[in-house]
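All values below come from the heavy atoms of this structure, side chains included, with hydrogens, waters and symmetry mates left out. Each chain gets a letter, A, B and so on, in the order the sequences are listed, and its residues count up from 1.
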Amino acid sequence: MSKAGKESLYQKALKIIMEAGEEGILQSELWKLLGATSREGSRIALKLERRGLITRRRELHDGRWTYRLFPKIRKISVASIVGCPCLTCPDAFRCAPGGVVDPVYCYDLSRWVLETAPIEGDEGKE
Amino acid sequence: MIPLEEDVLEFIAWVIGGDEAVRVIRVLGEKEMSDEEIARKANLKEDVARRALYNLYQGLLVRMRRERDEETGRYKFFWSLNLDQVEAIVRDWKRKILKKLEAMLEHEQNNQFFFCGTPGCRRYTFDEAYEHMFRCPRCGRPLEFYDNSKEIKALKAKIKQIKAELEA
């Protein structure tokens, strides 16, 4: 398999494990979902664990030892803060409510709020 | 391999170090790399790549290890992604923005505003407008009562959105 193909397999595996959440997923189920061989499946799981992205826990399933895989990372969303002027503002370090630079008078911040706030009935605007 | 939140990583890198940092992050993985290798792969000058790496290191997005070169006696630096901190960095940003938005909401709710209607001029609170005899100090037009219910609604919605992401 090509390097790019392998990478996308890792991505897919990680996605499946992350979707499984706290319940985790059996390694044997994972490789079936991926359409990979058991050997590939265990290699992927091992590699993801080494990269600190998942944890593997040994489990007896149908009389055979296998691993249950749990995600170590959570999907992080930045949707609510994308484009916020504070993140790149040169005055950010001295900006605080009641401070030298007060956010309540910040034109850029209030414009950003007006432009990106998910106001009901206006959800698609963002 | 960068995990699912590739766009999140790139966003964080961009905030911390601009476009160069994004290019560095794209080539950087969990495996350690020297700065020369990163610069070559990212097609950046070595000093630019080093500056971006240093910014990312200060922003906690990359890890650094140094090793002394036996022959030259100089330090060699090795860099790798520090994914453990991604969540903490984003949460910290969200909390700071949330604090500002809450202060803004309080300000909007506790004050009456007056505005001249000229684009580029700002709104004035009652006290400020009174001080200026209800004339805009910038353009000279009369200051009239401004209904800020749109701002309050937007702020409430934004605060709710950020809080929901923080609690997720």
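With hydrophobic clusters built from ILVMFWY side chains whose heavy atoms lie under 4.5 angstrom apart, A/Tyr10 shares a cluster with A/Met18. The cluster map of Ile, Leu, Val, Met, Phe, Trp and Tyr, joined by side-chain heavy atoms under 4.5 Å apart, puts A/Tyr67 and A/Leu46 in different clusters. Linking Ile, Leu, Val, Met, Phe, Trp and Tyr residues whenever their side-chain heavy atoms come within less than 4.5 Å leaves A/Phe70 and A/Leu33 in two separate clusters. Cluster membership for B/Met64 and B/Leu81, using ILVMFWY side-chain heavy atoms within less than 4.5 angstrom, is shared.
Remark: side-chain polar atoms of B/Lys96 are not paired, donor with acceptor, to backbone N or O of A/Leu87 under 3.5 angstrom.
More than 12 heavy atoms of other shown residues, nucleotides or ligands fall within 6.0 angstrom of atom CZ in B/Phe134. Within 6.0 Å of the CH2 atom in B/Trp93, the count of heavy atoms belonging to other residues, nucleotides or ligands exceeds 12. Within a 6.0 Å sphere centred on OH of B/Tyr57, heavy atoms belonging to other residues, nucleotides or ligands number 12 at most. Within a 6.0 Å sphere centred on CD of B/Glu106, other residues, nucleotides and ligands contribute 12 heavy atoms or fewer. Residue A/Arg39 qualifies as open at atom CZ: its count of foreign heavy atoms under 6.0 Å is 12 or below. Other residues, nucleotides and ligands contribute only 12 or fewer heavy atoms inside 6.0 Å of the OH atom of B/Tyr130.
Summarising the geometry, atom CD1 belonging to B/Ile16 is positioned 12.5 Å from atom OG1 belonging to A/Thr88; distances are rounded to the nearest 0.5 Å. Between the NE2 atom of B/His107 and the CG atom of A/Asp102 there is a distance of 7.5 Å, given to the nearest 0.5 Å. Expressed to the nearest 0.5 Å, how far NZ of B/Lys94 lies from SG of A/Cys84 amounts to 12.0 Å. Between B/Gln161 atom CD and A/Ile81 atom CD1 the span is 10.0 Å, to the nearest 0.5 Å.
The only member of B/Leu9, B/Val8, B/Val86 that meets side chain to side chain contact (heavy atoms under 4.5 Å, CB included) when paired with A/Val78 is B/Val8.
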Exercise. Between A/Trp112 and B/Ile97, is a side-chain contact (heavy atoms from CB on, under 4.5 Å) present by the stated rule, with each step listed?
Worked result: CA-CA 12 Å; A/Trp112 171 73; B/Ile97 294 168; 4.2 Å; yes

For this session: Evaluate side-chain contact (heavy atoms from CB on, under 4.5 Å) for B/Arg122 paired with A/Tyr105, printing each intermediate quantity in order.
Result: CA-CA 9 Å; B/Arg122 74 172 180 93; A/Tyr105 298 111; 4.3 Å; yes

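A pairwise comparison of heavy atoms in A/Ala117 and B/Ala157 identifies CB-CB, 4.1 Å as the closest pair.
Taking the side chain as every heavy atom from C-beta outward, B/Met104 and A/Ser110 approach each other to under 4.5 Å.
Only the backbone of A/Cys106 comes within contact range of chain B, with heavy atoms under 4.5 Å apart. Both the backbone and the side chain of B/Leu155 come within contact range of chain A, judged by heavy atoms closer than 4.5 Å. In this structure, chain A has a heavy atom under 4.5 Å from the side chain of B/Leu101, while its backbone stays farther away.
Side-chain contact annotation: A/Thr116 with B/Lys158, donor-acceptor N/O pair under 3.5 Å present. The closest side-chain donor-acceptor pair between A/Ser77 and B/Glu165 falls under 3.5 angstrom.
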